[in-house]
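Below you'll find the structure, written out as structure tokens, and then a few comments.
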Amino acid sequence: MNIEGRHVTLRAIEEEDLEILQKWANNPEIQYWLGGWHFPTNMNDQKKWFSSLSVGSNNQRFAVETKDLGVIGTANLVDIDWKNKNAFHGLLLGDKDIRGKGYGIDTIMAITKYAFEELGLNRLDGTIIEYNNVSFNMVKKCGWKEEGRQRKWYFRKNEYWDRILVGITKEDYFALIKENNYWGY
């Protein structure tokens, strides 16, 4: 089963995707914009990570692709909490020439729709480094709200930065699509 946006498709990550994923994982420019900590990774580690992916896991990761461009990024729903009906969402768009074209918004809308309309979750959470204004503005367009900050959380280029906590509820999502008719219904 694929998850369809208006312009992107989210699908299972396949072994043939590992080469591009490794390229992005080792690109310091991409990693600068992402949370967490990233070490250089070799293909052997990529294959071990890939072999750990499982449909039965509470961590689901997807390749983001378009018909014309192929794989352009990854998206995830991780730490899925079935009792409390929530999960954490993250997004990576790879090569910078595809950014700013609406693929990020469509990916967020597609995974949000999937989380709320298919999985029955009630909220999604995420985090953004304070200097990543592009991501912050993108999630706001998708109905996400700032819910707090953790001061001096991330260490990048010899400086500490706040971690912005963002979230969206099922109620927020349905209010947004009623307002903007994103899915045409």
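- Checking side-chain atoms of Asp81 against main-chain N and O of Lys83 turns up a donor-acceptor pair under 3.5 Å.
- Atoms CD1 and CZ, on Ile111 and Phe116 in that order, are 11.0 Å from each other to the nearest 0.5 Å.
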Residues Phe62, Ile3; criterion side chain to side chain contact (heavy atoms under 4.5 Å, CB included); working and verdict: CA-CA 9 Å; Phe62 309 97; Ile3 302 165; 3.8 Å; yes
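- The backbone N or O of Glu4 sits nowhere less than 3.5 Å from a side-chain atom of Asn2 that would complete a donor-acceptor pair.
- His89 places a side-chain N or O within 3.5 Å of a backbone atom of Asn76 that can act as its donor or acceptor partner.
- With hydrogens and angles ignored, the 3.5 Å screen pairs a side-chain donor or acceptor of Asn42 with a backbone N or O of Asn44.
- Within the 3.5 Å criterion, the main-chain N or O of Leu124 finds no donor-acceptor partner in the side chain of Asn86.
- At distances below 3.5 Å, at least one donor-acceptor pair connects side-chain atoms of Asp172 with backbone N or O atoms of Thr169.
- Between Ile177 and Glu117 the shortest heavy-atom distance is CD1-OE2, 4.1 Å.
- Contact check on Asp17 versus Arg61 returns no salt bridge, with no Lys/Arg side-chain nitrogen under 4.0 Å from an Asp/Glu carboxylate oxygen.
- Residues Phe136 and Ile164 have side chains in contact (heavy-atom distance under 4.5 Å, counting atoms from C-beta outward).
- With rounding to the nearest 0.5 Å, the separation of CH2 in Trp183 from CG in Leu176 is 10.5 Å.
- Here the OG1 atom belonging to Thr107 is positioned 11.0 Å from the CD atom belonging to Glu65, to the nearest 0.5 angstrom.
- From Arg163, atom CZ reaches atom NZ of Lys152 across 15.0 Å, with rounding to the nearest 0.5 Å.
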Step-by-step side-chain hydrogen bond (donor to acceptor under 3.5 Å, both in side chains) determination, Tyr154 to Glu130: CA-CA 9 Å; Tyr154 294 113; Glu130 73 174 293; over 6 Å; no
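- Glu171 CD: 12 or fewer foreign heavy atoms inside a 6.0 Å radius.
- Taking CH2 from Trp153 and OG1 from Thr127, the interatomic distance works out to 8.5 Å, rounded to the nearest 0.5 Å.
- Atom CG of Leu121 and atom CD1 of Ile168 lie 12.0 Å apart (nearest 0.5 Å).
- The side-chain heavy atoms of Tyr114 and Met1, taken from C-beta on, include a pair separated by under 4.5 Å.
- Listed for the Gln31 side chain is a donor-acceptor partner under 3.5 Å among the backbone atoms of Trp24.
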Tyr182 vs Asp106, side chain to side chain contact (heavy atoms under 4.5 Å, CB included): CA-CA, chis, key distance, verdict: CA-CA 9 Å; Tyr182 191 83; Asp106 197 44; 2.5 Å; yes
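- Put simply, the side chain of Leu91 does not reach to within 4.5 Å of the side chain of Thr74, judged on heavy atoms.
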Derivation and outcome, side chain to side chain contact (heavy atoms under 4.5 Å, CB included), residues Leu165 and Asp125: CA-CA 7 Å; Leu165 308 174; Asp125 298 302; over 6 Å; no
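- Remark: of the listed residues Ile80, Asn122, Leu119, Asn122 is the sole one forming a side-chain contact (heavy atoms from CB on, under 4.5 Å) with Lys85.
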Working for side chain to side chain contact (heavy atoms under 4.5 Å, CB included), residues Lys101 and Leu93: CA-CA 11 Å; Lys101 298 185 172 150; Leu93 290 181; over 6 Å; no
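- For the 3.5 Å distance criterion, the side chains of Asn58 and Trp82 qualify, holding a donor opposite an acceptor.
- For Tyr131 and Tyr32, the ring centers sit closer than 6.0 Å to each other.
- Contact detail for Glu19 and Met43: the closest heavy-atom pair is CA-CE, 3.8 Å.
- You'll find the side chain of Lys141 stays beyond 4.5 Å of the side chain of Ile108, heavy atoms only.
- More than 12 heavy-atom neighbours from other residues, nucleotides or ligands sit within 6.0 angstrom of CZ on Phe174.
- More than 12 heavy atoms of other residues, nucleotides or ligands lie within 6.0 Å of CD in Gln150, so this atom counts as buried by the packing criterion.
- A distance-only check finds no donor-acceptor pair linking the side chain of Asp95 to the backbone of Asp97 [under 3.5 Å].
- Listed for the Arg6 side chain is no donor-acceptor partner under 3.5 Å among the backbone atoms of Met109.
- Residues Phe88 and Trp33 do not share a hydrophobic cluster, clusters being chains of Ile/Leu/Val/Met/Phe/Trp/Tyr side chains in contact below 4.5 Å.
- Two residues are said to be in side-chain contact when any heavy atoms from C-beta on lie closer than 4.5 Å; Lys113 and Tyr173 meet this criterion.
- Judged by distance alone, the side chain of Gln22 and the main-chain N or O of Thr41 form a donor-acceptor pair under 3.5 Å.
- Both Ile105 and Ile98 sit in one connected hydrophobic cluster of ILVMFWY residues. Membership requires side-chain heavy atoms under 4.5 Å apart, directly or through other members.
- Follow the hydrophobic side-chain contacts under 4.5 Å out from Leu77 and you reach Val166 in the same cluster.
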